[in-house]
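Only heavy atoms go into these numbers, but all of them, side chains included; no hydrogens, no water, no symmetry mates. Each ligand, and each atom within it, is numbered from 1 in the order the structure gives.
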Amino acid sequence: MSQATQQDAATGVIESVSGPVVTARDLDARMNDVVYVGDEGLMGEVIEIEGGVTTIQVYEETSGVGPGEPVENTGEPLSVDLGPGMLDAIYDGTQRPLDVLEAKMNSAFLDRGVDAPGIDLEKEWEFHPEVKEGDEVSAGDVVGIVEETVTIDHKVMVPPDSDGGEVVSVESGDYTVEDTVVELDTGEEISMHQEWPVRTPRPAVEKKTPTKPLISGQRVLDGLFPIAKGGTAAIPGPFGSGKTVTQHQLAKWADADIVVYVGCGERGNEMTEVIEDFPELDDPKTGNPLMARTCLIANTSNMPVAARESCIYTGITIAEFFRDMGYDVALMADSTSRWAEAMREISSRLEEMPGEEGYPAYLSARLSQFYERAGFFENTNGTTGSVSVIGAVSPPGGDFSEPVTQNTLRIVKTFWALDADLAERRHFPSINWNESYSLYRDQLDPWFEENVTEDWSEIRQWAIDVLDEESELQEIVQLVGKDALPEDQQLTLEIARYLREAYLQQNAFHPTDTFCPPEKTHLILTTIKTYNDEAFEALDAGVPVEDLVSLDSTPRINRIGVQEDYEEFIEELKDDITEELRGMY
Ligand code: ADP
């Protein structure tokens, strides 16, 4: 986060303090200006100006701050520092690096009034120019490359608000982010870092229709409810239903170049888990540390409420910056409910007219402004990049009718409904296949058909039909018992059981099963379909259903997930199932 630099800043006087909300008089300020509040200089942001009174939300604990103390205006909007050094970093909601803060204060508890730049200003990076003297460059163009981490090349770009010009000086070498690396004939000096106001989306040429899936390696997601690269998804679920595990799986396995993980106000120990876990993990695809492509923003519930409100914007701005470089970025927000609660708290302090369940009337607008920043974009420098946004929602009591879930549902195009009953039955991931949906299915099918298999959508539809039929049959079974059903329906229940156990269920903690490539996802379905087709033939030929549901070979279907050499295993299994069934008539 940028520090206050302006010396001639206008100074006001605190009039009142109510938790994170402070009012000041005589402050010459505009909306969203960053201000420093009180003798300790706590960071805040202007959120309302009425008459001579300016209302400020403060990003730090305000106890001990009182009327009469000064408020200093920086005249700048709340911005993030963008440049090499963001990956591998762990920030708080206003982009203060946690490790730097901890070192400064010698404690894990954040003090007040401590500021630190979002990126290391002293570290030197090796800059490799991509332009030469005489080249014309304009806003967004890549002028050079820095190896930010082992995994990611950081593209140094002309800032979006630049008028561009002709390069008059550029040289490779080691530079800090503040050094000039390229000079233009207009006199503009380009360095490796730029600032961007967090509440303003970064410019792009065009938002396009996404056509590629964000492969997650989770069968139920890729197979039934896929999200596009540049898409939006929500994961609502009650406590203990697997939101965190699902988000972690996505952070680890999704085929995004960059992951931005925003923890907004989950309980402190959960976020600590993330902070401790992530740096230990390896990127399964490259073997490099996962953090080499990850930026963590951690705002625990004991951090001030206003910082929770801003962490979402900090996260999405960082995501957009990497998108501008041409990368596919996945942003996970865990959880947007805590973010909405922060909004509610600030709104009530402001004594605004409350909407549904006390949330501010602008809840829905804020949610959609956030999710709208996702997308598959043509960037101003001619590259394409995407930001996919996956938001966890934690509805109190798991009740999806509450405002945050409902408003989110109106916006996102993929809905992964976690289900407490499934979790209780140890069906993981506990994604309810009847309630979940993806509006990207049709637009992603061509990609799957071209890159995985031609019958991708056809066989998926078959599986959906069987699962639907099972739901209907279950109601009857509960009334009259399974044996009262006709034989073909009993067989359908058995097929559906395999769909649930071998296809929908997946163990995140098994070294092989944790990631399932789309090819394997598809082959599991074809195995169950083989069983289905052969068993119905046998049934037609007069084989009793009891025999068809007690084969020796079929239990092996449930073991496909954990097979590393699955192709051979599946081929053999299909042969055995076919042979066993055909031998019965
Ligand atoms: P939440 O974040 O919704 O409170 P968690 O993500 O912490 O829930 O999940 C609770 C527990 O459920 C985990 O500790 C784990 O034992 C189990 N679990 C969830 N998802 C999976 C999965 N995909 N595979 C195996 N176990 C899972």
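Judged by distance alone, with hydrogens and angles left aside, the side-chain atoms of E580 form a donor-acceptor pair with the main-chain N or O of S553 at under 3.5 Å.
Looking at V245 next to ligand 1, an N or O pair under 3.5 Å apart turns up. At least one N/O-N/O distance between T244 and ligand 1 falls below 3.5 Å. The shortest N/O to N/O separation between G240 and ligand 1 falls below 3.5 Å. Taking any N or O of A508, backbone or side chain, at least one lies under 3.5 Å from an N or O belonging to ligand 1.
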Only pairs under 3.5 Å count here: list side-chain donor-acceptor contacts from residues 354-363, not counting sequence neighbours, and write none if there are none.
residue: Y362; atom: OH; partner: E352; partner atom: OE1; Å: 2.8

Can you give the donor-acceptor pairs under 3.5 Å from side chains of residues 565-573 to other protein atoms, not counting sequence neighbours?
none

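Heavy atoms of other residues, nucleotides or ligands lying less than 6.0 angstrom from NZ of K413 number 12 at most.
Counting heavy atoms under 4.0 Å from ligand 1, residue R426 touches it through the side chain alone. The proximity of P238 to ligand 1, defined as any non-hydrogen pair under 4.0 Å, is limited to the backbone. The proximity of Q249 to ligand 1, defined as any non-hydrogen pair under 4.0 Å, does not occur for either the backbone or the side chain.
A salt bridge links D533 with K529: at least one charged nitrogen is closer than 4.0 Å to a carboxylate oxygen. Here K212 does not pair with D328 in a salt bridge; the nearest charged N to carboxylate O distance is not below 4.0 Å.
Checked against the 6.0 Å centroid criterion, the rings of H248 and W253 do not qualify as a close aromatic pair.
Contact atoms of ligand 1 toward K243: 1 (P), 2 (O), 3 (O), 6 (O), 8 (O) (distance under 4.0 Å to a heavy atom of the residue). Applying the 4.0 Å criterion to heavy atoms of F509 picks out, from ligand 1, the atoms 15 (C), 25 (C), 26 (N), 27 (C).
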